[in-house]
Amino acid sequence: MGRWAYTVLRVLFGAWFLASGIEYFLPFNLQPLGGTARAQEFTLALIHSGLFAWVKVAEVAIGLAVLANRAILPAALLCLPLTVVIGWWNFVLDPGAIQCSFGVFTAGCNAMLLWPFRRELLALVRWSPVPA
């Protein structure tokens, strides 16, 4: 992937995460609950438990870091559990063409952010307990 493509995807992803995180705290109630009962139940459980607010704070922090092109590895690692949940919501709880495209976009961008750090990350799963 070229440097320009990486930059474009990084900026789109950072802006999307920043906007998604901020919109939860605005009085306009823009947060989609989903089109299925399971998706709505899941989203409302996250909201009522208070966990959803922390997810949105994490999205804001990730979005700001990615847009600033700073701390990309920690931001991308923090994004991994969110990516799994977003994917589950989009592919399983509320499937549809638009939802699946958001799931693919999230997973693809998260993988793209991690790609430059693949050697360092592979060292974390080394079988040998002693560094080489």
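Between Y24 and V55 the shortest side-chain heavy-atom distance does not fall below 4.5 Å. Put simply, the side chain of I98 does not reach to within 4.5 Å of the side chain of N90, judged on heavy atoms. No side-chain heavy atom of T106 sits under 4.5 Å from any side-chain heavy atom of L82.
W115 and Y6 fall into different hydrophobic clusters, where Ile, Leu, Val, Met, Phe, Trp and Tyr residues are linked whenever their side-chain heavy atoms come under 4.5 Å apart, directly or through other members. A single hydrophobic cluster is seen to contain both L64 and L26, as judged by linkage of ILVMFWY side chains at heavy-atom distances under 4.5 Å, directly or through other members. L114 and V84 sit in two unconnected hydrophobic clusters of ILVMFWY residues. Membership requires side-chain heavy atoms under 4.5 Å apart, directly or through other members.
One finds the CZ atom of F17 at 13.0 Å from the CG atom of L12 (value rounded to the nearest 0.5 Å). Taking CD1 of I86 as the reference point, atom CG of L93 lies at 12.5 Å (rounded to 0.5 Å). In this structure, CE in M112 is found 7.5 Å from CZ in F13, a value given to the nearest 0.5 Å. To the nearest 0.5 Å, atoms CG (L46) and CD (Q31) are separated by 9.5 Å. A distance of 12.5 Å separates CG of L124 from CZ of F117, quoted to the nearest 0.5 Å. One distance of note links CG of L77 with CD1 of I72; it measures 11.0 Å at 0.5 Å rounding.
Side chain of T83 to backbone of A107: no donor-acceptor contact under 3.5 angstrom is found. When atom types are taken as modelled, the side chain of R10 and the backbone of L113 share no donor-acceptor pair closer than 3.5 angstrom.
Partners of F105 under the ring-ring contact (aromatic ring centres under 6.0 Å, His included) rule, at least two apart in sequence or in another chain, are W16. Scanning for side chain to side chain contact (heavy atoms under 4.5 Å, CB included) contacts around W54 gives an empty result, with sequence neighbours left out.
E59 and G21 get closest at one heavy-atom pair: OE1-N, 3.3 Å. The two residues A75 and V66 have their closest heavy-atom pair at CB-CG2, 4.1 Å. Across V57 and F25, no two heavy atoms sit closer than the pair CG2-CZ, 3.9 Å.
The neighbour count for R119 CZ, taken as heavy atoms of other residues, nucleotides or ligands under 6.0 Å away, does not exceed 12.
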Would you list the atom pairs, donor with acceptor, under 3.5 Å between side chains in residues 38-45 and any protein atom, with sequence neighbours excluded?
from : atom 1 : to  : atom 2 : distance (Å)
R38  : NH2    : V92 : O      : 2.9
Q40  : NE2    : G34 : O      : 2.8
T43  : OG1    : L33 : O      : 3.4
T43  : OG1    : A39 : O      : 2.9
T43  : OG1    : W89 : NE1    : 3.0

